[in-house]
Structure formats: C-alpha cells, structure tokens
Colleague: 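Pasting a structure below so you can have a look.
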Protein chains: 2
Amino acid sequence: MIRLAIAEDHQSLIDGIELLLKYEENISIIGTANDGEKLIDIVRLKQPHVVLTDIRMPKIDGIAATKIIKKEFPHIKVIAFTMFEQTDAIEQMINAGASGYILKNSSLEEVLNAINVVSKGETYFGKNVNVNAINKESSTKKKGKLTKRQIEILALVAQGKTSREIAEQLFIGVQTVDTHRKNMIRILGLHGKGELLRYALEKKYNF
Amino acid sequence: MIRLAIAEDHQSLIDGIELLLKYEENISIIGTANDGEKLIDIVRLKQPHVVLTDIRMPKIDGIAATKIIKKEFPHIKVIAFTMFEQTDAIEQMINAGASGYILKNSSLEEVLNAINVVSKGETYFGKNVNVNAINKESSTKKKGKLTKRQIEILALVAQGKTSREIAEQLFIGVQTVDTHRKNMIRILGLHGKGELLRYALEKKYNF
DNA sequence: CAAAATATACCTATTATTGGGTATTTTTTT
DNA sequence: AAAAAAATACCCAATAATAGGTATATTTTG
C-alpha cells in the first residue's frame, strides 16, 4: 500500500485525483494540501511514501517544500505535478530532490503510473519533460547564480521600484544598488534597458 | 439530460471531471478539447447545452472562444473555469457572454453545481468571484481602452523592443512611437520608468 | 458632410538605467 | 590565517524612457 500526500492549490484537481485513486487498491491518500506549508505539516505528521506536488503554490512553493521534505525525510519520493515545462523549473525541482516530473496536461492515468514507478525507487519523467537537456546544461555552464543580496534586490526590481527606492529601503547607497544591477545583468547574460525588469518579472511569475 | 462540452488544456483536470460525471445521471460529456479551436469544432458539430471552458488555452483563448460560441449559438451556456480571479478577466468573460465563472481552486462539487444551475438559465459565480465590483467599475469609469495601433505597439513593448526598434518595424517615426507610449501611459494611469513594460508583460501573462 | 477619434510627428527637459571602470570593507570558504 | 567571494561605494559617459507641450494628416463615426 502506497501512502500518498497531494499538494495542489486547485482543489478541483485534487478532487479529480481522489476520485481516481478511490478505486485503486494499492494507493491511499493520507492527506491533501492547498499550499506548501500545509504539505510539510502533513508530511511531518503522517510521513507518506510519495508526495505529489504542484510548483506554484501559496506560502511555500513546491521547490522549497521539496527541499525541506528531502532534507528531513530523504526516503520520501517527491513527484512534481505542474504546468511549467521550462528546463529551469525542471532543473530546480530535480536539484531539490524530486524523483519525478509530470505536466498537468498529462492524463490521470499517467499520474497513477508515475506514483507507482517512483514508489519502487525509480524515476519518472513525462513525455514532454526533457531531462537530457538539463544535465548537459547544468554540468557545462553554471550561469545565473545570484547571491542573496542580488535576489533581494531583484525582487524589489520586480516590484517596479527604482534604484533610489531600493537603496532607501535597504539602507544602502543608490550606486551600490546600481552595481548589483550591473553585476546581475552580467551574470544573467542580459543586455538592454528593460531587460533586468523583464527577467525579474518573468522569474516572479514562473514560480 | 444536460449535454456538456469541456475545454481545458490540462488533460488531468478533464480526466477528473469525467470521473466525477460518469456517475451523474443527468449530465453527459459530449466532447472534450485541449484548446479553443477544438472546442469550437465540437460545439458546431454536437451543440452542447453547457460549455465549461478554461480562459488560458492554446490557439484560441476562452474569452475569444466564448464570443464565437455565443454569437453562433446564443442559447448555449458557457461557464468559465479558470485560475484567474482578476476583475479584468471576469469582466471580459461576462462581456463575452458567459453565464458562470468558477475558480479552479473550487471543489468538483461546485463545478457540478454550476453546470446544473446555468443549464436552467440562471447564472453561477463562485464565492471568490466578486461580480458586484465589476458592474460598478465598468459602468462608472471606462479606463484602459487602447486603440489597435496602441495594442500593437504595446505587444512589441512586451517583447522588449525599444522605441527605435518598434519604429523601424512599423515604418513610422521614433517620436510617433513615443507619443503612443505617452498616450498609453496616460490612458492606463501609469507613472514611472518601467511601468509600461510592466503592464505589457502582465497583460501578456494574464490571458 | 461635419465632427470626433486616431495616428502621425516634432520640441525641450529630466531622469533612470546601462556599461565601462576601480576600490574598500565585510563575510565566507578553504 | 589566508584566499576567495560578496557587499559596499564611487566615477564618467551614453542612451532610452518619461513628461510636458503642440500640430497635422488620416480615418472613423454620427
């Protein structure tokens, strides 16, 4: 009997999976959550064998939640169930310790299949999930690693704040903020006026 | 017997709804689609009583699809089933002729309920869907109406193009593009450097 | 057809961001 | 403790975008 926990902010989808698994003899749903915080609570309390989780969720996102779960309970298998097919998202999820990755435009049958496969200790990746591209990319070039401070500033850039406003908020000089911006632009390989804002907004939206 | 068509780009969710409705005596699913184009095909061929549709879909989005359906078959009831809770999206869907609007974080029970209600000619709006705010807002102030040319330019702004690049692409002067930008900023009530790009990117993302 | 709306274009000025540097202090890692 | 990384700050120059105007041709609407 596989003990399963589900985290997904769309209750309708949870309902659908529950309906499907009601008649599955070897899987029991031991808890469901609409956000990452609740998921971690459930995992700590009931320790499932497999966790099926969305990436974009309130409070704690799926990537962060997976990291926490894998740190505390390395034996628990995590499957990402999301609409993001960007290599960036897949990579982060794998690095967080996920054993599987399936897209929401897959069938429920595939979801069921993935749960069974990862519970045996294997990995499962959906058809549209190109895992090969990931390893090559992340092993050769390790671009895009920002520091804490840079991410902090990037978040404020995403909020539409100017360098001056960011400087005031963080109690640092405007030119320091500008230096951080320049460094981020270099690290991320961007060029042009609105590009950092663009990047910041996209990141924000993506997870 | 209510004849239902479903359009939703996440197959898993369609599967879930199908499971739920399999045991419903008074509803039969006459077709499902993963994009707006397919939905319209199904509607033309099989003329359902009720259409349950997502907003963000490939090819033709839910708003455009609803307009087409309501124009050709005014008696067909459309329910929006989406994750967008912005008044903007709700407003556009209502204007397109939708009879209901429910969020994806609702339960499948609520979906079932909505289908039954709208099939009787009534309207159904989920708890988190604030319909009252819409009417007031759209009747009093009619802000944010951009012209074709402005939308064209805004789309290029969203692509990260500079005024100069936009001017070259559209065979007009740079200063003309700047004028359009200024007018859009005024009409949309924006202020500050990156705000138009911000707005453009958000719009792009939202539907 | 006349009026209104839209698209076009120019002017001046200000400001934020970018791009090129350099440099010091603090923190983290080895 | 020494080396590396990160955070801080400054300089100068170039450019894109915003903000305030005005103005004319074109298209759409009443």
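None of these values were measured; they are calculated from a predicted model. Worth knowing before you read on, the calculation uses all heavy atoms, side chains too, and leaves out hydrogens, waters and symmetry mates.
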Colleague: Among A:Ile69, A:Ile68, A:Ile30, find the residue that satisfies the side chain to side chain contact (heavy atoms under 4.5 Å, CB included) test when tested with A:Val43.
Modeller: A:Ile69
Colleague: Would you indicate whether the side-chain heavy atoms of A:Ile27 and A:Leu112 approach each other to under 4.5 Å?
Modeller: yes
Colleague: For the backbone of B:Lys59 and the side chain of B:Asp35, can you confirm whether one donor and one acceptor N or O come within less than 3.5 Å of each other?
Modeller: no
Colleague: Quickly work out the B:Ile166 CD1 to C:dA9 C1' distance and round it to whole Å.
Modeller: 16 Å
Colleague: I'd like to know if the side chain of B:Lys70 and the backbone of B:Ile76 have a donor-acceptor N/O pair within less than 3.5 Å.
Modeller: yes
Colleague: Quickly work out the B:His191 NE2 to C:dT14 P distance and round it to whole Å.
Modeller: 22 Å
Colleague: Would you check if there is a donor-acceptor pair between the side chains of A:Asp15 and A:Gln11 at a distance under 3.5 Å?
Modeller: yes
Colleague: Identify the pairs formed between an N or O of the protein and an N or O of nucleotides 15-17 of chain D at a distance under 3.5 Å, and give each distance.
Modeller:
{"residue": "D:dT15", "atom": "O2", "partner": "A:Lys193", "partner atom": "NZ", "Å": "2.8"}
{"residue": "D:dA16", "atom": "OP2", "partner": "B:Arg164", "partner atom": "NH2", "Å": "3.4"}
{"residue": "D:dA17", "atom": "OP2", "partner": "B:Ser163", "partner atom": "N", "Å": "3.0"}
{"residue": "D:dA17", "atom": "OP2", "partner": "B:Ser163", "partner atom": "OG", "Å": "3.2"}
{"residue": "D:dA17", "atom": "O3'", "partner": "B:Lys193", "partner atom": "O", "Å": "3.2"}
{"residue": "D:dA17", "atom": "N3", "partner": "B:Lys193", "partner atom": "NZ", "Å": "2.7"}

Colleague: For B:Thr162, is there any backbone N or O sitting under 3.5 Å from a side-chain donor or acceptor partner on B:Glu165?
Modeller: yes
Colleague: Counting heavy atoms from C-beta on, name the nucleotide in C:dA9, D:dA9, C:dA7 closest to the side chain of A:Ile172.
Modeller: D:dA9
Colleague: Send over the distance from B:Leu188 CG to D:dT18 C1', rounded to a whole Å.
Modeller: 14 Å
Colleague: C:dT18 P sits how many Å from A:Arg186 CZ, rounded?
Modeller: 14 Å
Colleague: Which residue, B:Leu170 or A:Glu195, contacts DNA chain C at a nucleotide closer to its 5' end, judged by nearest heavy atom?
Modeller: B:Leu170
Colleague: How many Å lie between CG on A:Leu146 and P on D:dA7, as a whole number?
Modeller: 10 Å
Colleague: Where the side chain of B:Ser12 meets the backbone of A:Lys104, is there a donor-acceptor pair that is under 3.5 Å apart?
Modeller: yes
Colleague: Heavy atoms, side chains only, cut-off 4.5 Å: are A:Thr82 and A:Arg56 in contact?
Modeller: no
Colleague: For A:Lys182 and C:dG20, what is the distance between atoms NZ and P respectively, to the nearest whole Å?
Modeller: 9 Å
Colleague: Take the protein atom CG of B:Asn183 and the nucleotide atom P of D:dT18, then report the distance between them rounded to whole Å.
Modeller: 12 Å
Colleague: Base, sugar-phosphate or nothing for A:His180? Non-hydrogen atoms, less than 4.0 Å.
Modeller: base
Colleague: Is the base of D:dC10 touched by the side chain of A:Thr176 through a donor-acceptor pair closer than 3.5 angstrom?
Modeller: no
Colleague: Tell me, do B:Glu8 and B:Ile17 make a side-chain contact under 4.5 Å, heavy atoms counted?
Modeller: no
Colleague: Collect all protein-nucleotide pairs involving nucleotides 27-30 of chain C in which both atoms are nitrogen or oxygen and the distance is under 3.5 Å.
Modeller:
none

Colleague: Check the distance between C:dT18's P and A:Tyr199's OH and give it to me in whole angstrom.
Modeller: 14 Å
